[in-house]
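Report on the structure given below.
Chain letters run A, B, ... following the sequence lines, proteins first, then strands; residues in each count from 1.
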Amino acid sequence: MLEPGDLLALAFDREAGVAVASRTACLDLSGDPVSVVHEVEQELRPRWVWWDRSTADRLAAAGLVVDRCWDILIAHRLQVGGWSTSIAEVWAHLHGLDPQTVPQMGQMDLLATADEGHDVDQPSRPDGHLRPEWIAGAWSESPVRRMRWASLTLESASSQIAQLEAKDSSGRLRSTARSESAAELLCAELERDGLPIDETEAVRIIGDASGPRPRTYAEEDAARARRDHEVLQLLDPPQDVNLRNPADVKAMLRRSGLDLPDTRAWRLEQLRGTDPLIDALLKWRKDERIATTYGWGWLDENVAGGRLRGSWTSADGAAGRMTASAGLHNLPAPMRPAVAAEPGHRFVRADLGQIEPRVLAAVSGDPALIEATREADLYRPVAHRLGVSREIAKVAVLGAMYGATTGESAGALQGLQRSYPTAMQLLEHAAERGRLGEDVFTIGGRRVRMGGGASPDGDIERARSAAASRGRYARNALIQGAAAEFFKVWAVLVRRRLRPFGATVVLCLHDELLVQVPEAAGQEAADAMVHAIGEAAHHWSPQPDVRFVADVSIIRRWSEAKA
DNA sequence: ATCGTAGGCGCC
DNA sequence: AAAGGGCGCCTACGAT
């Protein structure tokens, strides 16, 4: 029988059945696959191994909760960068097969012929590649196939772990692969559960911004024309301007005596109050945003049964941030009152404070910056040390991490280099690699691809600008990527530690977690979320003395959180 | 018609 | 205070 051990490969298909493979046994478990997995989870607490998100999705759909896992594709992407990959490619990689010869799904018919005389109950073909039809689902068709699939899953993970440890003896890569795997599982659950929405409130907000729900296309056009008219009526010689065309808007403003390089909001915002046209245009854009992106169509398409659902990826961004669709990551502030805990429940919202400079202190090991993290407001000691205002210090630190070169922060940059040389050197080194087109690596071991080096010929100015852009990108990726890794360690710990309270994570937002919890458990859950920060830092931070802080509140609506 | 790109804005 | 990094999603537009 199965014994307590670390890795336990899982071939799970609710309809077909379930097989598991450990180092000592391989079983096709008959009966109810859901209760079987549940029992094994409770009794053995294994680290479940699977190939990709499809297993996480199946577990989520079955309502199964497991804690520890290893997602082979997630671990692979961590090492090769943000490129898409597949089971077939990772298999080929692990077995030293030529990636060019990986069979495609479209070739299945041809392969079936070429396969004649071979045992199609074997997962791999004579040439060593995995059978595409197995990957597509044929692995689950019989007990023997399920067991073979579980076995090769375990073998693949084991050899992947061996390769990964040979590359990184610190164990950091392995640790990142674990937390990133759990984050991928969390994404499957976020996708299934969605974010609680008070639909009545959502309807009210959308109605206020874009007018009542149109019943016909004509009504929709009329509402659109009404919004446009608020701006166009201010034009002295009456003109027909397409407000949705930036070039037209720029020309319109020039005719009104405003010559601007572009029409971006921050630029117009500085002119607010100087010209009614500017104010009207800014209001038009806010309303237009709600009407087009977060209006009736958005509500119909993404909100159902009191939940806003979108797709979640755990590391889609270049530097490994989580991404989400359907507005989950960019819901305008005026719409946030619609995000409301369900009856009898509360949200616990926690966001990591000043996460990027604290992460910079951790990954660089800069002693002076580590010292600054001891303060709840890190920018204060930095300002004191530089002899500048807090605001200037903040802009300078952020500018150093984003690659700003001009403006007020440029002066303070000198001071940063003198006071925090270790941190600044780390950033500068990353920027230099980026300019040269060389990949950089986050502290957790994620490869960030720089996509092609310097172009050999052509416009020198363009090449210079592209190199500078890559430099800024690399500089930021190191920090943003590390922050994303730390955040995910925290998020998956919260998922596990808060489960006894009946709490579920309902939103992950780069440095912010929103958890829904039964009303009575609010305070305990909030305390546990704060405690999990220290635990996450213990797991993740290369520097034990770096302090991470959070702002936590127990609220009914997302909008109630502090500004 | 369908595609990719650019400008723009929402959030972090 | 400056306008730098990331993503998703909108519209318009030029190329195919």
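Taking 4.0 angstrom as the limit, A/R472 places a side-chain polar atom (N or O) nearer than this to OP1 or OP2 of C/dG5.
One N or O on the side chain of A/R475 and one on the backbone of A/A400 form a donor-acceptor pair closer than 3.5 Å.
Residue A/S389 is classed as having no contact, given no heavy-atom separation below 4.0 Å to the nucleic acid. Within 4.0 Å of A/R390, counting heavy atoms only, lies no atom of the nucleic acid at all. Here A/A319 lies out of heavy-atom contact (under 4.0 Å) with every strand. If you check every strand for non-hydrogen atoms under 4.0 Å, A/E391 touches nothing. The residue A/K394 sits apart from the nucleic acid: no heavy atom pair falls under 4.0 Å. Within 4.0 Å (heavy atoms only), A/L331 reaches sugar-phosphate atoms of the nucleic acid but no base atom. Nucleic acid contact for A/A333: sugar-phosphate only, since backbone atoms but no base atoms lie under 4.0 Å from a heavy atom of the residue.
For the atom pair CZ (A/R77) and CD (A/E180), the distance works out to 11.0 Å, reported to the nearest 0.5 Å.
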Output a table of nitrogen or oxygen pairs between the protein and nucleotides 8-14 of chain C separated by less than 3.5 Å.
unit_1: C/dG8; atom_1: N3; unit_2: A/N330; atom_2: ND2; d: 3.3
unit_1: C/dC9; atom_1: OP1; unit_2: A/A326; atom_2: N; d: 2.8
unit_1: C/dA12; atom_1: O3'; unit_2: A/N245; atom_2: ND2; d: 3.2
unit_1: C/dC13; atom_1: OP1; unit_2: A/N245; atom_2: ND2; d: 2.5

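Listed by chain and number, the residues in a ring-ring contact (aromatic ring centres under 6.0 Å, His included) with A/Y420 amount to none (sequence neighbours excluded). When the salt bridge (charged side-chain N to carboxylate O under 4.0 Å, His left out) test is applied to A/R204, the partners found at least two apart in sequence or on another chain are A/E201, A/D208. Taking A/D198 as the reference, A/R557 meet the side-chain hydrogen bond (donor to acceptor under 3.5 Å, both in side chains) condition, with sequence neighbours excluded.
In this entry the distance linking CZ of A/R475 with P of C/dG6 reads 13 Å, nearest Å. C/dG6 atom C1' lies 4 Å from atom CD of A/Q480, rounded to whole Å. For A/L398 and C/dG4, the CG to P distance is 14 Å, given to the nearest whole Å. Rounding to whole angstrom units, CG of residue A/L413 and C1' of C/dA2 are separated by 13 Å.
Mapping A/Y473 and A/R267 onto DNA chain C via the closest heavy atom, the residue that lands nearer the 5' end is A/R267.
Side-chain contact annotation: A/D52 with A/S54, donor-acceptor N/O pair under 3.5 Å present.
By the 30° and 60° cut-offs, the orientation of the rings of A/F548 relative to A/W540 is perpendicular.
For DNA chain B, the span of nucleotides reached by chain A at under 4.0 Å from its heavy atoms goes, 5' to 3', from B/dG7 to B/dC12.
Contact annotation: the side chain of A/E438 never approaches that of A/E432 to less than 4.5 Å [non-hydrogen atoms, C-beta and beyond].
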Tell me which donor-acceptor pairs under 3.5 Å the side chains of residues 504-514 of chain A have, and how far apart each pair is, sequence neighbours excluded?
unit_1: A/E512; atom_1: OE2; unit_2: A/R349; atom_2: NE; d: 2.9
unit_1: A/E512; atom_1: OE2; unit_2: A/W558; atom_2: NE1; d: 2.8

